[in-house]
Amino acid sequence: MTRTQYYTATTLDGFLADEANSLDWLFEVDTEPGEPFERFIAGVGVLAMGATTYRWVLEHEKVVDRPEEWRRWYGDRPCWVFTHRDDLPAVPGADIRFVQGDVRPVHGEMVAAAREGSRGSRGYGENVWLLGGGELVGNFADAGLLDDIILGVAPVTLGAGAPLLPRRLDGGRLRLTDVERVGQFAYLTYEVGQPVTPSAGGGGGQPSA
């Protein structure tokens, strides 16, 4: 069964990046080979990210000039980039799909592509990986389309920065399903329940660039 999963590293106080949108804090923490990422990515069929995350990958991994770096991390999995911008370049040779608006119809496309790809010869799984940022993931959570949150919690605090998930998810929606220690990281997996249906009004959120 296809699951939509938010897999990311975070600081102990719940930030993805510092106030300058830097991940230097993450690379300062010792990591060990064979991290849970290898097991996780084996089950992934498609990716999705917001414009800020995509721009970070472009700038820091230089994937437009070195598309092999994109393939090293993500293979040839299709990637949906949610953005209102029209100036983001595609990675040469990669399947990049720029979209905007309600996450729900796009999610349907992603799930269909993941299932189709899992039946092919590439050997990918059929899960959807939401890379971030937190606001985009929040829109999936608002729409009841987020199944799991998988966090690699680093022994770092920042005090401010880009929040992990700028939403209130009460304890009734989150259930801890796994805990694992890998080096200095604590990996926590939460199953995400459906949002409470409002008595009136409501609707799908709009992803932010």
Side-chain angles (χ1 to χ4, degrees), residues 2-11 14-18 20-23 26-27 36-37 40-64 66-114 117 124-143 145-152 161-167 192 204-209:
T2 301
R3 299 187 69 81
T4 300
Q5 301 177 309
Y6 182 25
Y7 180 99
T8 189
T10 179
T11 65
F15 293 103
L16 301 175
D18 65 18
N21 201 38
S22 171
L23 294 181
L26 177 60
F27 303 121
F37 175 78
F40 169 77
I41 193 67
V44 171
V46 302
L47 323 167
M49 63 183 74
T52 299
T53 302
Y54 182 68
R55 192 166 61 247
W56 187 93
V57 174
L58 294 180
E59 294 173 354
H60 292 267
E61 299 295 339
K62 311 298 183 186
V63 291
V64 171
R66 299 183 300 172
E68 67 276 6
E69 288 299 304
W70 177 276
R71 291 191 295 272
R72 183 168 71 91
W73 287 104
Y74 309 121
D76 58 357
R77 296 171 174 87
C79 177
W80 279 256
V81 178
F82 287 79
T83 181
H84 297 294
R85 302 168 59 110
D86 59 5
D87 61 346
L88 294 175
V91 178
D95 186 354
I96 308 294
R97 310 180 189 189
F98 297 105
V99 294
Q100 58 180 292
D102 192 335
V103 300
R104 289 170 293 190
V106 180
H107 180 260
E109 295 174 13
M110 292 191 294
V111 169
Y124 293 152
E126 62 177 42
N127 293 331
V128 176
W129 177 16
L130 305 179
L131 283 79
E135 180 62 29
L136 175 63
V137 176
N139 287 321
F140 278 86
D142 293 344
L145 298 174
L146 179 62
D147 296 308
D148 303 295
I149 298 173
I150 306 170
L151 306 176
L164 169 68
L165 184 56
R167 290 294 189 278
V192 183
Q206 296 296 318
S208 167

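For this chain, numbers begin at 1 and follow the sequence in order. Owing to the predicted nature of the structure, the values given are computational and were not obtained by experimental measurement.
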Heavy atoms, side chains only, cut-off 4.5 Å: are [X] and [Y] in contact?
| X | Y | result |
| --- | --- | --- |
| Asn127 | Trp129 | no |
| Leu146 | Val137 | yes |
| Thr4 | Met110 | no |
| Leu58 | Val63 | yes |
| Leu164 | Leu151 | yes |
| Tyr74 | Val57 | yes |

Geometric class of the Tyr54/Trp70 ring pair [parallel <30°, tilted 30-60°, perpendicular >60°]: perpendicular

Phe40 and Phe37 aromatic ring geometry - parallel, tilted or perpendicular at 30°/60° bounds: tilted

Measure the [atom1]-[atom2] distance between [X] and [Y] for me, rounded to the nearest 0.5 Å.
| X | Y | atom1 | atom2 | answer |
| --- | --- | --- | --- | --- |
| Gln5 | Asp147 | CD | CG | 7.5 Å |
| Arg71 | Arg66 | CZ | CZ | 12.5 Å |
| Leu136 | Trp80 | CG | CH2 | 13.5 Å |
| Thr52 | Glu135 | OG1 | CD | 10.5 Å |
| Met49 | Ile96 | CE | CD1 | 7.0 Å |

Result of checking Val128, Ile149, Ile150 against Tyr6 for side chain to side chain contact (heavy atoms under 4.5 Å, CB included): Ile149

Any residue meeting side-chain hydrogen bond (donor to acceptor under 3.5 Å, both in side chains) with Glu69, in chain and number order, not counting sequence neighbours: Arg72

By side-chain hydrogen bond (donor to acceptor under 3.5 Å, both in side chains) - contacts of Arg3 (at least two apart): Asp148

Expected output: side-chain Tyr124 to main-chain Asp76 donor-acceptor under 3.5 Å: yes

For [X] versus [Y], what's the shortest heavy-atom pair and its separation?
| X | Y | value |
| --- | --- | --- |
| His84 | Gln100 | ND1-OE1, 2.9 Å |
| Ala143 | Val103 | CB-CG2, 4.1 Å |
| Ala51 | Arg85 | CB-CD, 4.1 Å |
| Val64 | Ala90 | CG2-O, 4.3 Å |
| Leu16 | Gly134 | CD1-N, 3.9 Å |
| Pro78 | Gly45 | CD-O, 3.6 Å |

Under the side-chain contact (heavy atoms from CB on, under 4.5 Å) test, residues paired with Phe15 that sit two or more places apart: Thr11, Asp13, Leu158

Full working for side chain to side chain donor-acceptor pair (under 3.5 Å) between Asn139 and Arg104: CA-CA 9 Å; Asn139 287 321; Arg104 289 170 293 190; over 6 Å; no

